[in-house]
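Heads up, the thing below is written out as structure tokens.
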There are 2 protein chains.
Amino acid sequence: MIADALSTAPDAPTRQASVRLGALAHETRLTVFRALMRAGPEGLAAGALAEAAQVSASNLSSHLGVLLGAGLVSVRRDGRQRIYAPDFEAVRELLGFLVNECCQGAPEVCGGLVKC
Amino acid sequence: MIADALSTAPDAPTRQASVRLGALAHETRLTVFRALMRAGPEGLAAGALAEAAQVSASNLSSHLGVLLGAGLVSVRRDGRQRIYAPDFEAVRELLGFLVNECCQGAPEVCGGLVKC
DNA sequence: CAAATATTTCAAGAGATATTGAAATGAGAA
DNA sequence: TTCTCATTTCAATATCTCTTGAAATATTTG
């Protein structure tokens, strides 16, 4: 599909949002993602995440690949471990997309949501 | 699995959030959901949604079933059409879950997000 | 260098989801 | 009643996604 001027392909933000939502739409990945958000920019090693989520290293690794592919996390190497950290900008984008969607129809849905 | 005191099954909110995220994690469904949010409580007929998302009636119907199963939308019958409407309470719950997760690690991610 | 550690990659099988088109259902209109 | 319209249900197929375990890779330590 080189040029699809006549098709109704969803726009890029919608596509990206659905990829990111899909990345979070798995209990193991959501658990891992929550742990990373709690950990903050420092991040956590893959091993620590495997333990937190109670899954095998290889299973975890494939889930981390999905989160990475969605751009929700990043990795860096530290010695023999790999440290994963949340990508806050991506999270902000995703939340912004959802909030904007919901506010269009119902501002009251969002009001009072952010109580940081 | 009647009693899983020793297992590390994710808690109910996490499970519910992952089901709802999964329901939104599809371009057709996300498009449909956006249209419903924009339409507001009045909702939209299945036919209108099929046209908006450019998919067949039967394909749309199965996607609506997923959104319904996740509790993100409700249906009512009006003559021979079925009108779908967003469930704002469910949306609020989901956004609240995400925002709380992200605020735990990084309050600044959420700040200034709600500009309704 | 050899051993140990942390993690990823790969391949295979299982399971879940998506897409189609045809048939069924349930109104309302003629 | 019979026709048409709006929508769902069903069954079949196709396509992803998950999970596993074994093997590969990279890095530090002895």
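What's counted below: heavy atoms across the whole structure, side chains too, no hydrogens, waters or symmetry copies. In what follows, every chain begins at residue 1, and chains take the letters A, B, ... in the order their sequences are listed.
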Kindly indicate, with the supporting measurements, whether the criterion side-chain contact (heavy atoms from CB on, under 4.5 Å) is fulfilled by L94(B) and L98(A).
CA-CA 10 Å; L94(B) 178 57; L98(A) 290 175; 5.6 Å; no
Length of the CG-P vector between L60(B) and dT7(D), whole Å:
9 Å
Taking all atoms of both residues into account, what is the closest heavy-atom pair of A35(A) and L49(A), and its distance?
CB-CD2, 4.1 Å
For the residue pair S18(A) and R29(B), confirm or rule out a side-chain donor-acceptor distance under 3.5 Å.
no
Is any side-chain heavy atom of V91(B) closer than 4.5 Å to one of L95(B)?
yes
Quick check for you: name the first and last nucleotides of DNA chain C, 5' to 3', having an atom under 4.0 Å from a heavy atom of chain B.
dA18(C) to dA29(C)
Can you tell me how far P of dC16(D) sits from CD of E27(B), to the nearest Å?
13 Å
Does A57(A) offer a backbone N or O that forms a donor-acceptor pair with the side chain of S61(A) under 3.5 Å?
no
If I compare all heavy atoms of A23(A) with all of L72(A), which pair ends up nearest, and what's the gap?
CB-CD1, 3.9 Å
L44(B) and A39(B) have their tightest heavy-atom pair at CG-CB, 3.6 Å
Under 3.5 Å, side-chain donor or acceptor atoms of residues 77-88 of chain A against the rest of the protein: list the pairs with distances, not counting sequence neighbours.
unit_1, atom_1, unit_2, atom_2, d
D87(A), OD1, E89(A), N, 3.1
D87(A), OD1, A90(A), N, 3.0

Selection: residues 66-87 of chain A, any non-hydrogen atom under 4.0 Å of DNA chain C
R80(A), Q81(A), R82(A), Y84(A)
